[in-house]
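In what follows, a single structure is set out as structure tokens and then discussed.
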Amino acid sequence: MIKLNTIAKSYNSAPVLSGVTLEIPSNIIYGIIGKSGAGKSTLVRIMSLLESTDSGEIYFDDKRVDNLRGNALLERRRKLGMIFQNFNLFLSRNVYGNIAYPLEISGVDKAEIKGRVEELLELVGLSDKIESPISKLSGGQKQRVAIARALAVRPEILFCDEATSALDPQTTTSILTLIKNIQTQMNLTVVMITHQMEVVREICDFVSVLDEGEIVESGTVKDVFAFPRTKVAREFLGSIKPIDGDDILEIEPSLAHIYRLHFLGESTKKPVISEFIKQSPVNINILSGTIRTVGEVPIGELVVEMEGSAPNIEIAKRWLADRDVKMEALDA
Ligand SMILES: Nc1ncnc2c1ncn2[C@@H]1O[C@H](COP(=O)(O)OP(=O)(O)OP(=O)(O)O)[C@@H](O)[C@H]1O
Ligand SMILES: [Mg+2]
């Protein structure tokens with residue numbers, strides 16, 4: 001588990017991150033999406049301990065890591081893998097030399113390095129390129145080498161900063177599939193920084209939206225796609241592009257009349273909704289619903305689409321409030 005607690009960072013007194021609080025569970029793929037300049041790369045550099053914070057704390061599995069210095073910091077950093085949009089490979093080294101590099105600086109002996117590099121190349125599907133110079137590889141192949149290099153030290157967390165942004169849609173799909181397979185095989189925690197909603201949709205389990213240095217929305221990918229709460233999330237959904245021939249995408253970007261109704265205690269047991277539908281001045285379409293028991297108290301949630309004039313919606317809201325049902329607009 002990665003925990004960020006009110007992380008703040010400014011450059012030349014201009015705030016870039018203002019109080020980012022986030023929990024990333026282990027063994028999943030967590031997406032962080034945001035527009036250009038939102039602070040994504042800054043956040044990932046801070047999470048991967050490449051850059052210090054102005055304030056706030058970072059914990060890996062409940063151990064504080066942002067205050068590590070010297071050798072302790074180097075040791076911790078070595079256990080983190082990172083890949084970037086522009087691959088950041090050493091052009092002076094061939095494929096073998098790039099993947100061997102982190103093992104060499106960790107003092108692993110030559111024979112073991114050879115075995116490990118061969119194993120990694122097989123994992124990323126590039127065994128036949130072991131001696132290739134980097135300049136002879138395609139973008140997708142370069143990213144595969146970068147992934148192999150990042151995994152060489154058996155990291156627990158892999159940070160990906162726009163890892164597929166420089167690739168065509170088909171290559172993007174193949175790299176995302178590779179990352180997904182590796183994540184499952186190795187029980188990795190993957191943090192995917194991206195500005196592409198299609199990347200989030202393809203492989204992420206959870207997503208947070210970063211906007212102007214703040215997390216404005218977080219949830220499972222399913223929930224955020226179904227009921228985006230913020231304008232910025234809806235804009236991302238609206239701009240989603242099909243990848244690799246994908247043409248079935250039924251996202252309704254305009255959710256102006258979608259509401260979540262919260263029922264608490266007694267109101268969960270009464271036929272409030274059927275009465276409401278019978279007498280209401282607005283048209284109601286039920287989209288989803290759940291009832292959970294928290295402590296001894298049942299809590300119900302119903303997501304509905306309501307069609308009607310603003311005054312009628314207001315009447316509906318008051319009618320529900322009188323019966324202890326809170327109505328929350330999902331397009332705030
Ligand atoms: N080292 C730095 N020195 C000064 N300003 C910086 C530095 N790094 C980032 N910034 C500024 O912080 C803001 C956020 O930058 P950042 O690179 O984190 O955004 P991003 O969300 O990754 O954008 P993109 O999608 O374009 O990669 C920008 O205004 C940028 O100019
Ligand atoms: Mg960036």
Side-chain angles (χ1 to χ4, degrees), residues 2-24 29-58 65-66 73 77 80-89 139-140 142-143 146-147 149-150 157-169 171-172 175-176 179 189-204 206-219 221 224 228-241 243:
I2 307 171
K3 245 189 240 170
L4 304 180
N5 188 18
T6 55
I7 300 293
K9 179 79 183 178
S10 298
Y11 291 115
N12 315 318
S13 359
V16 174
L17 299 175
S18 12
V20 172
T21 295
L22 198 60
E23 278 192 17
I24 300 184
I29 306 189
Y30 200 107
I32 297 177
I33 190 161
K35 293 179 197 165
S36 183
K40 303 182 298 297
S41 294
T42 306
L43 183 62
V44 79
R45 283 200 305 273
I46 284 176
M47 270 199 240
S48 55
L49 312 180
L50 291 171
E51 191 152 334
S52 61
T53 61
D54 295 342
S55 61
E57 302 111 50
I58 307 173
V65 291
D66 60 284
L73 175 62
R77 231 189 242 158
L80 304 172
M82 185 126 188
I83 57 172
F84 305 89
Q85 174 173 0
N86 53 2
F87 322 121
N88 285 16
L89 295 170
K142 285 180 191 160
Q143 198 57 294
I147 291 170
R149 184 179 62 178
I157 310 170
L158 178 66
F159 294 100
C160 309
D161 188 0
E162 305 279 5
T164 56
S165 301
L167 306 175
D168 62 53
T171 314
T172 293
I175 292 293
L176 293 179
I179 292 174
T189 304
V190 177
V191 180
M192 293 290 289
I193 300 287
T194 182
H195 66 271
Q196 297 172 291
M197 207 55 162
E198 46 275 31
V199 167
V200 171
R201 184 191 53 162
E202 278 298 286
I203 62 163
C204 295
F206 288 85
V207 62
S208 284
V209 182
L210 183 71
D211 193 34
E212 297 182 5
E214 285 181 54
I215 300 288
V216 294
E217 179 158 359
S218 293
V221 169
V224 173
R229 286 161 173 267
T230 55
K231 191 161 167 272
V232 55
R234 281 198 300 280
E235 278 168 12
F236 277 118
L237 287 169
S239 69
I240 200 161
K241 289 184 216 77
I243 54 179

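Indexing begins at 1, ligand by ligand and atom by atom, following the structure's order.
In terms of protein heavy-atom proximity, atom 1 (N) of ligand 1 is nearest to Tyr11 CE2, 3.7 Å. If you check which protein heavy atom lies closest to atom 26 (O) of ligand 1, you get Ser36 OG, 2.6 Å.
Contact annotation: for Lys35 versus ligand 1, heavy atoms closer than 4.0 Å belong to the backbone alone. When heavy-atom distances to ligand 1 are checked against a 4.0 Å cut-off, Lys9 has no atom that comes that close, whether in backbone or side chain. At a heavy-atom distance under 4.0 Å, only side-chain atoms of Val16, from C-beta outward, approach ligand 1.
Among Ala14, Ser165, Gly37, the residue whose heavy atom lies closest to atom 14 (C) of ligand 1 is Gly37. Among Ala38, Ser41, Gly213, the residue whose heavy atom lies closest to atom 17 (O) of ligand 1 is Ser41.
To the nearest 0.5 angstrom, Ile215 atom CD1 is 6.5 Å from Leu43 atom CG. Rounding to the nearest 0.5 Å gives a distance of 8.0 Å between NE2 of His195 and OG of Ser36. Interatomic distance, Leu167 CG to Thr172 OG1, rounded to the nearest 0.5 Å: 5.0 Å. Within the model, atoms OG of Ser218 and CZ of Arg229 stand 10.5 Å from one another, a figure rounded to the nearest 0.5 Å.
Crowding of Gln85 atom CD: a count of heavy atoms from other residues, nucleotides or ligands under 6.0 Å exceeding 12.
Protein heavy atoms all stay at least 4.0 Å away from atom 31 (O) of ligand 1.
Heavy-atom minimum distance, Ala146 versus Ile83: O-CG2, 3.6 Å.
Checking Ser36 against the Mg ion (ligand 2), every N/O/S atom stays at or beyond the 2.8 Å cut-off.
Listed by number with element, the atoms of ligand 1 under 4.0 angstrom from any heavy atom of Arg45 are 8 (N).
For the pair Lys40 and ligand 1, the shortest N or O to N or O distance falls below 3.5 Å. Residue Thr42 has at least one N or O atom closer than 3.5 Å to an N or O atom of ligand 1. Checked against a 3.5 angstrom limit, the closest N/O atoms of Gly39 and ligand 1 fall inside it.
Results of the side-chain contact (heavy atoms from CB on, under 4.5 Å) test with Ile33 over Glu217, Met197, Lys40 single out Met197 as the only residue that passes. Remark: of the listed residues Ile179, Ile175, Thr164, Ile175 is the sole one forming a side-chain contact (heavy atoms from CB on, under 4.5 Å) with Gln143.
Residue contacts with ligand 1: Gln85 is excluded, as none of its non-hydrogen atoms falls under 4.0 Å.
Side-chain atoms of Tyr30 and Thr189 form no donor-acceptor pair, as typed in the model, at a separation below 3.5 Å.
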